[in-house]
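Have a look at the structure below before the remarks.
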Amino acid sequence: MISQPIDKPTLEALRAALDDAERIVILTHMSPDGDAIGSSTAMQRLLLALGKEARIVIPDMLPGQLRRVPGAKEAVDATRYPDFARQLIDGADLLLCFDFNEPGRIGRLATALTEATATKVLIDHHLHPADFADVVISHPELSSTCYLLFKVLCGLELFGLIDNKIAESILTGMMTDTGNFSYNASDPELYLVVAELMRKGADKERIYREQFETHSLDSMRLNAYAISERMEVWPDCGAALITLTRDELNRFHYAKGDTEGLVNRPLAVPGVVYSAFLREEDDFVKVSMRSVGDFPVNILCREHFGGGGHLNAAGGEFRGTLAEAADLFRSLLNTNKEKYIH
Ligand code: 5GP
Ligand code: MN
């Protein structure tokens, strides 16, 4: 038996929202990852099986490897089709929000979400959900929204509708949000769910190969360059930093997703307990941080780098130059050491 963390009234409220809805739009966060796309596509396919009209609207483009997730290619990219995206959201009677905790995380779609009159449901595992949804299913103790969705579907007695494609979507998010079950993966029940999904026909090894072991030559070289030339390590402060400028990214024909996982790599160096990756964008610096143990990168991102996230995985958008962001990170090394490293 898989345990059920969602209380009965909440499940009933979700059931009623689904029963009442005809036109459903699924929304997920900017720079969608495996968990965002996995949970969205799984839910869409399930809703189609229930005879509902259901579309996925994403704020920006999918990275290449996520286009292999069943149903992902049909998601409406609001960057390319802003009017159509808005029209779908405005016309929906139910909005399902997956894998984000506040409207700001869906970027250009935030206004459409806040202004919408449709019923709103949040299904997410980030800390501190903002108060914008009518039904809130928020479980930060679970490692992925996909894992949570599996429990939601069991709670709604829809397990029987999970087919091999839905199973693959769910498994994708469970794998990508835990680094293929290498962190946030100590809950034994995770593996019961994996077993169920494999029984449903999910090909775990193919998903692993597609999501973790498929890189373009440019991307491999970019990551190798970043580690070899652009990584600073301060073992005494437990810290590491990688920065990449626009020019460097261009030199390796950077495409979205090419530096996925790079921020984790310095954590392999003994003594490093937190790591930051700063990537220069057109008008801001994309910040990504990871840690091991109890070093709170979410606090660091929230207080200094325009973002937030989880204890061990956080990010933000820094308004300033890459050099300023890097200097700020370096200037905080000693304070961080005193405050958080014992
Ligand atoms: P990533 O480093 O993979 O982009 O993001 C890791 C985690 O950090 C995400 O799951 C999310 O919780 C958080 N995060 C990333 N970027 C931002 C941001 O711009 N704002 C906030 N609030 N959180 C972010
Ligand atoms: Mn997630």
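Since the model is a prediction, treat every value here as computed from it, not as a measurement. Note that ligands are numbered from 1 as they come in the structure, with each ligand's atoms numbered from 1 the same way.
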At a 4.0 Å threshold, what atoms of ligand 1 neighbour a non-hydrogen atom of [X]?
X	value
His310	10 (O), 12 (O)
Gly307	20 (N), 21 (C), 22 (N)
Ser288	1 (P), 2 (O), 4 (O)
Ala313	7 (C), 8 (O)
Gly309	12 (O), 13 (C)

Self-check item: Rounded distance (nearest 0.5 Å) linking atom CG of Leu18 with atom CG of Leu156
Solution: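 With rounding to 0.5 Å, CG (Leu18) is 6.5 Å from CG (Leu156).
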Quiz item: Quick one: NZ on Lys337 to CH2 on Trp234, what's the gap to the nearest 0.5 Å?
Solution: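 If I round to the nearest 0.5 Å, the distance is 13.5 Å.
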Quiz item: So, Cys146 and the Mn ion (ligand 2): N/O/S under 2.8 Å, yes or no?
Solution: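 No, Cys146 does not qualify, because none of its backbone or side-chain N, O or S atoms lies under 2.8 Å.
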Exercise. Please confirm if an N, O or S atom belonging to Asp177, backbone or side chain, lies less than 2.8 Å from the Mn ion (ligand 2).
Key: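 For Asp177, the answer is yes, given that an N, O or S atom comes within less than 2.8 Å of the Mn ion (ligand 2).
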Exercise. Could you check whether the rings of Phe318 and Phe305 sit parallel, tilted or perpendicular, using 30° and 60° as the cut-offs?
Key: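 Ring orientation of Phe318 relative to Phe305: tilted.
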Exercise. Check whether Met175 and Phe150 end up in the same hydrophobic cluster, where Ile, Leu, Val, Met, Phe, Trp and Tyr are linked by side-chain heavy atoms less than 4.5 Å apart.
Key: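 Yes: a chain of side-chain contacts under 4.5 Å links Met175 to Phe150.
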Self-check item: Option nearest atom 23 (N) of ligand 1 (shortest heavy-atom distance, choices Gly316, Gly306, Gly308, Gly261)
Solution: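 Nearest heavy atom to atom 23 (N) of ligand 1 lies in Gly308.
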Self-check item: ligand 1 contact on Met30 by region, counting heavy-atom pairs under 4.0 Å
Solution: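 Neither; nothing of Met30 gets under 4.0 Å from ligand 1.
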Between [X] and [Y] (salt bridge meaning N to carboxylate O under 4.0 Å), is one present in this structure?
X	Y	value
Arg206	Glu210	yes
Asp327	Arg330	yes
Asp99	Arg105	no

Say whether [X] and ligand 1 are in contact under the criterion: heavy-atom distance to a ligand atom below 4.0 Å.
X	answer
Lys286	yes
Arg290	yes
Arg105	yes

Quiz prompt | Shortest protein contact, atom 10 (O) of ligand 1 (heavy atom only) | solution =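 Looking only at protein heavy atoms, the one closest to atom 10 (O) of ligand 1 is His126 NE2, 3.3 Å.
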Exercise. Quick one: report the N, O or S atom of Asp35 that is nearest to the Mn ion (ligand 2).
Key: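 Minimum-distance N/O/S atom of Asp35 relative to the Mn ion (ligand 2) is OD2.
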Quiz prompt | Minimum-distance N/O/S atom that Asp99 presents toward the Mn ion (ligand 2) | solution =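 Looking at Asp99, the N, O or S atom with the least distance to the Mn ion (ligand 2) is OD1.
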Can you establish whether the number of heavy atoms outside [X] located under 6.0 Å from its atom [atom1] is more than 12?
X	atom1	answer
Asp294	CG	no
Arg221	CZ	no
Lys200	NZ	yes

Quiz item: Backbone or side chain, does any N or O of Gly315 fall under 3.5 Å from an N or O of ligand 1?
Solution: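 Between Gly315 and ligand 1 (N or O atoms, distance only) the closest approach is under 3.5 Å.
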